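Keep in mind it's a predicted model, so treat the numbers as computed, not measured. Worth knowing before you read on, the calculation uses all heavy atoms, side chains too, and leaves out hydrogens, waters and symmetry mates. Within every chain, numbering begins at 1; the chains are lettered A, B, ... in the order of the sequence lines, protein sequences first and strands thereafter.
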Amino acid sequence: MIPFLLKFHERYDLRQTLECGQIFRFQKHNNDAQIYYIPLKDRILKIFQKNDHILEITSNKNQDLKPILSTFFRLNDDYQQIQRRISIDSLMGKILAATNGLHLLKQDVFECTISFLLSQCSNIPRITRNVNNLAEQFGTPINFDNQQFYLFPTREQLLSVSEQQYVEMGFGYRAKYIYNFVQNTPNFIKKAINLENPSKNHSKNPSENHSEILTGIELNQALQNIQGVGQKIADCVQLFGFGDLSYFPVDTWMRKFMIQHYFNDKKASIKAIRQKGQDLFGKWAGYAQEFIYHYARSYENLNNSKS
DNA sequence: ATCCAGGCATGCA
DNA sequence: TGCATGCCTGGA
């Protein structure tokens, strides 16, 4: 199979990109640190970091691979310009140097929403376990590269799953959020899913075509109308799922970092911190957030005894 | 053993 | 509007 080459003008660091916390479902190759597998929508990607600028990608399915990869890897982002804009002071310069090569990914909206619904009051290992359990129990198995993988379940595959089953999977009080989201998926989400999977859904349901494609504040409000989605999760889905780079999700890590470095008021509210992020970094606040988040977790001891 | 975690919904001032 | 509290589970 001929690998598909993705060439980046600036540096691309696959490991940082996948391990920075923006995405939960990826898998390291057993004995090659340069290779990762990612289940993406209807296929499995095998990604090899050939050098600082080239990714080699093979998949079990090559149909529409080019546009799918272009979207997922955000090939149209001007990384250099983004870095320049975010480099507002020496601290950010230091962070940009440390995270150079970390890129955002544009994830599947359905999977992204469920993943972040599961994220509240949890931690990355547990969230990863939860989403992998969902895939293994309800997703389509794919044999690829002599290994068994599982696609993230489609909405249709989850429709028959009960709230109790989610509870038994250890989702806790998040079970009802997932159940409700699957059963009552808002039209703007369905629309996003259909647009992202053009090969499916040839049969259009006319009743679902009234809704406009939401953007900006309207999209953020619509996301927060989903049970279990507040400001933070809405921002994550808007950034990672819908690809709106101007959003700046503030979780406890971001809060600690921002207060330490950019606030005199040590009790600054989430709302104020979120606003500050957008004021400082403008339309690329989302990239800034991810650089900071990864840096803060990896290199800075924010009064939290983790290494 | 408590305590709190990549928040949210609810109730109360 | 802003703040306190409970929520499932599980790891420290």
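Ranking B/dG6, C/dC8, B/dA9 by closeness to the A/K176 side chain, first place goes to C/dC8. Listed nucleotides B/dG6, C/dT9, B/dG7 differ in distance to A/R126; the shortest reach to its side chain belongs to C/dT9. In this structure, the nucleotide among C/dG11, C/dC7, B/dG6 sitting nearest to the side chain of A/R129 is C/dG11. Of the candidate nucleotides B/dG6, C/dG10, C/dT9, C/dT9 has the atom lying nearest to any side-chain atom of A/V167.
The base-pairing partner of B/dG7, taking Watson-Crick or G-U wobble contacts with both distances under 3.5 Å, is C/dC7.
When each of A/L102, A/T99, A/V250, A/D251 is checked for a side-chain contact (heavy atoms from CB on, under 4.5 Å) with A/Y293, only A/D251 meets the rule.
B/dG6 atom P lies 19 Å from atom CD of A/Q231, rounded to whole Å. Atoms CD (A/E290) and C1' (B/dG6) sit 11 Å apart, rounded to a whole Å. Rounding to whole angstrom units, CG of residue A/N180 and P of B/dA9 are separated by 11 Å. In this entry the distance linking CD1 of A/I270 with C1' of C/dG2 reads 13 Å, nearest Å. A straight line from CD of A/Q224 to P of B/dA9 spans 8 Å, rounded to a whole angstrom. One interatomic measurement links the two molecules: CH2 of A/W253 to C1' of B/dA5, which rounds to 11 Å at whole-angstrom precision. For the pair A/Y247 OH and B/dG6 C1', the interatomic distance rounds to 20 Å; values are reported in whole Å. Atom P of nucleotide B/dG7 and atom CZ of A/R255 are separated by 10 Å, given to the nearest angstrom.
Using a 4.0 Å cut-off between a side-chain N of Lys or Arg and a carboxylate O of Asp or Glu, A/D235 and A/K232 do not qualify as a salt bridge.
Residue-level contact check: A/I226 touches the backbone only, with heavy atoms under 4.0 Å from sugar-phosphate atoms and none from bases. At a threshold of 4.0 angstrom between heavy atoms, the contacts of A/I233 are confined to the sugar-phosphate backbone, with no base atom among them.
Interface remark: the A/Y177 side chain does not form any donor-acceptor pair with the B/dG7 base, using a distance-only criterion of under 3.5 Å.
Linking Ile, Leu, Val, Met, Phe, Trp and Tyr residues whenever their side-chain heavy atoms come within less than 4.5 Å places A/I88 and A/F263 in a single cluster.
B/dC3 sits 15 Å from C/dT5 when the C1' atoms are compared, rounded to a whole Å. B/dC4 and C/dA4 have their P atoms separated by 14 Å, with the value rounded to a whole Å.
For OH of A/Y179, the number of neighbouring non-hydrogen atoms (other residues, nucleotides, ligands) closer than 6.0 Å is 12 at most.
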Derivation of the ring pair (Phe, Tyr, Trp, His ring centres under 6.0 Å) call for A/F171 and A/Y177: CA-CA 10 Å; A/F171 292 1; A/Y177 298 152; over 10 Å; no
